[in-house]
Amino acid sequence: MTTPTLQRLSSRLKLRHFMLLTELDRERSISRTAQRLNLAQPTVTRALAEIEDIFMTPLFVRGRRGLEATPAGELVLARARNALLDASALEQDLASLTAGFQGVLRVGVIPFLSNDTHDTLWRHLLGLRPALGFAVEEATTDRLLEAVKSRRLDCAICRFTSARAGSGLVQQHLYPQEPRLVASRAAARRLARRGIDWDAFTSLQWILPPQHSPIRNMIHAIFASAGQQVPAPVLEAYAQKTVSSVLRQLPDAITILPDDIALEVAESSGASVLPQRLQWNLPPVGVVRRADLSNAQLVDGIAEALRPRQR
C-alpha cells in the first residue's frame, strides 16, 4: 500500500467524501446509498473510486453482507466520523455566536447526580464570561464515555472507570459515594432493627439500575460477597422520579442508591434509608474529557468548581 501524502489529502479530500464513506458503511450497498443521498448509482460508484484513488488503496470490498470496509477503510472511517462530528460541533458553535454566545459546551451527566451537584454545576457554568450555550446529555457512564471518545460530548460527569494509559481520556476525581439501602415505608419498618439480613432483603421486590452500569456491577459484587444470587428486579431504572413512584406504590420495594441520591429519593417517595451500612464504596464520580480537547481549561474549571463542595 502506497501512503498518500498530506499534500495529496489536503488538495483533494473533501468533507462530502467523508459523508459518502459513512453512508456506504451504514448501508453496505452502493444502490441503497445512492437512494438515501438522492444520487444516481453511477455517481456514487464514481465518487467511491475517486476517494479510493485519493487514499491510493481500496476502502471497501464486497462480502457476504454487502460492502465491507477494508483495514484501511476502517481507519479512514474512524477519522471520517470524527471529522463529521467536529463539523457538526462547528455548526453549533457558529449558530451560538450568531445568538450572542461564545460557542457551545456539550456536557454529559449520569442520572445519579444530586440536586446540590447540579446546582453547583449550573451556578458555575451560567456564571462564565463570555457566556456560552450548553447542550446536555443524560445517560449511563458507558454511553457517556463513548460520546466523549467520539467527540459528541466535550466532557462528562460520570463514574470512574479503568481507563488505561493511551485511551486518550483524562479523568479528574470529584467525590466518592457510599451505597445505601432504600426501602418503602412498610418494609423499612420491618427491617430497621435488623442487621444485614440478606434472606430478608432478597425476599423483597428489587429496583435495580440498568445492566452493565458501574453501580449495577457493584451491586452484583455485594450480593456475590454475601453468597447470594442477585434477585430478579421488578424494575430496572435510573430515573429518580420512576424509582420514587415505585417505592410509593409497592409496600415491599427496596433498592440500593448512592447516599446523596438515597436521601433525595427517600424524601420524595416517603421511603426510608435503612441504617444498615454495606461496607462498600461505589466507583467515584469524576469529570472525564479527551486529552486533546481544545477547551480543556474550561472543563478543568468545572472539576474545580464541583470538587470543593464535596469535601
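Owing to the predicted nature of the structure, the values given are computational and were not obtained by experimental measurement. What you see below is based on every heavy atom in this structure, not just the backbone, and it leaves out hydrogens, waters and symmetry mates.
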With clusters defined by side-chain heavy atoms of hydrophobic residues (ILVMFWY) lying less than 4.5 Å apart, directly or transitively, does [Y] cluster with [X]?
X      : Y      : value
Leu39  : Leu67  : yes
Leu153 : Val107 : yes
Met218 : Ile110 : no
Trp280 : Leu208 : yes
Val44  : Val76  : yes

Does the side chain of [Y] come within less than 4.5 Å of [X]'s, by heavy atoms?
X      : Y      : value
Thr117 : Leu306 : yes
Gln171 : Arg289 : no
Leu126 : Phe134 : yes
Leu274 : Arg180 : no
Phe60  : Leu77  : yes
Val182 : Ile207 : no
Phe160 : His173 : yes
Arg62  : Glu68  : no

Residues Thr140 and Ser213: side-chain donor-acceptor under 3.5 angstrom: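 No, no side-chain donor-acceptor pair sits under 3.5 Å.
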
For the residue pair Asn281 and Glu178, confirm or rule out a side-chain donor-acceptor distance under 3.5 Å.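 No - no donor-acceptor pair under 3.5 Å links their side chains.
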
Run the side chain to side chain contact (heavy atoms under 4.5 Å, CB included) check on Glu52 and Leu21 step by step: do they pass? CA-CA 10 Å; Glu52 291 183 327; Leu21 289 176; over 6 Å; no

For the [atom1] atom of [X] and the [atom2] atom of [Y], what is their distance to the nearest 0.5 Å?
X      : Y      : atom1 : atom2 : result
Gln240 : Leu247 : CD    : CG    : 11.0 Å
Ser269 : Glu264 : OG    : CD    : 11.5 Å
Leu20  : Ile51  : CG    : CD1   : 4.5 Å
Phe112 : Cys158 : CZ    : SG    : 14.5 Å
Ser184 : Leu204 : OG    : CG    : 8.0 Å
Glu50  : Phe55  : CD    : CZ    : 11.0 Å

Count the heavy atoms belonging to other residues, nucleotides or ligands that lie under 6.0 Å from CZ of Arg143, then report whether that count exceeds 12. no

Partners passing side chain to side chain contact (heavy atoms under 4.5 Å, CB included) against Ala49 (at least two apart in sequence or in another chain): none

Test applied, side chain to side chain contact (heavy atoms under 4.5 Å, CB included); reference residue, Leu181; option that passes from Ile254, Leu257, Val273, Leu191: Ile254

Closest non-hydrogen atom pair between [X] and [Y], with its separation:
X      : Y      : answer
Pro209 : Ile219 : CD-CD1, 3.7 Å
Leu169 : Lys149 : CD1-CE, 3.7 Å
Ala253 : Ala187 : O-CB, 4.4 Å
Pro179 : Leu282 : CD-N, 4.0 Å
Arg185 : Gly270 : NE-O, 3.2 Å
Ala305 : Thr120 : O-CG2, 3.6 Å

Do [X] side-chain atoms and [Y] backbone N/O form a donor-acceptor pair below 3.5 Å?
X      : Y      : value
Arg307 : Tyr175 : no
Ser245 : Thr242 : no
His124 : Leu121 : no

Does Ile302 form a side chain to side chain contact (heavy atoms under 4.5 Å, CB included) with Leu105? I'd like the steps, not just the answer. CA-CA 11 Å; Ile302 293 174; Leu105 184 69; 3.9 Å; yes

Assess whether a salt bridge exists between [X] and [Y], defined as any Lys/Arg side-chain N lying under 4.0 Å from an Asp/Glu carboxylate O.
X      : Y      : value
Arg8   : Asp53  : yes
Asp154 : Arg106 : yes
Arg190 : Asp197 : no
Arg26  : Glu23  : yes

Can the ring centroids of Phe201 and Trp206 be said to lie less than 6.0 angstrom from one another? no

Between Arg277 and Asp259, is the salt bridge (charged side-chain N to carboxylate O under 4.0 Å, His left out) condition met? List the steps. CA-CA 10 Å; Arg277 310 303 274 254; Asp259 46 8; over 6 Å; no

For a side chain to side chain contact (heavy atoms under 4.5 Å, CB included) check, start with the C-alpha distance between Glu74 and Thr70, then their side-chain angles and the critical distance, and finish with the verdict. CA-CA 6 Å; Glu74 293 287 0; Thr70 64; over 6 Å; no

If you apply the rule salt bridge (charged side-chain N to carboxylate O under 4.0 Å, His left out), what do you find for Arg216 with Glu236, and how did you get there? CA-CA 10 Å; Arg216 180 67 175 266; Glu236 289 188 353; 3.2 Å; yes

Where do Gln177 and Arg159 land on the side chain to side chain contact (heavy atoms under 4.5 Å, CB included) test, with the steps shown first? CA-CA 10 Å; Gln177 286 180 316; Arg159 297 200 181 280; 2.7 Å; yes

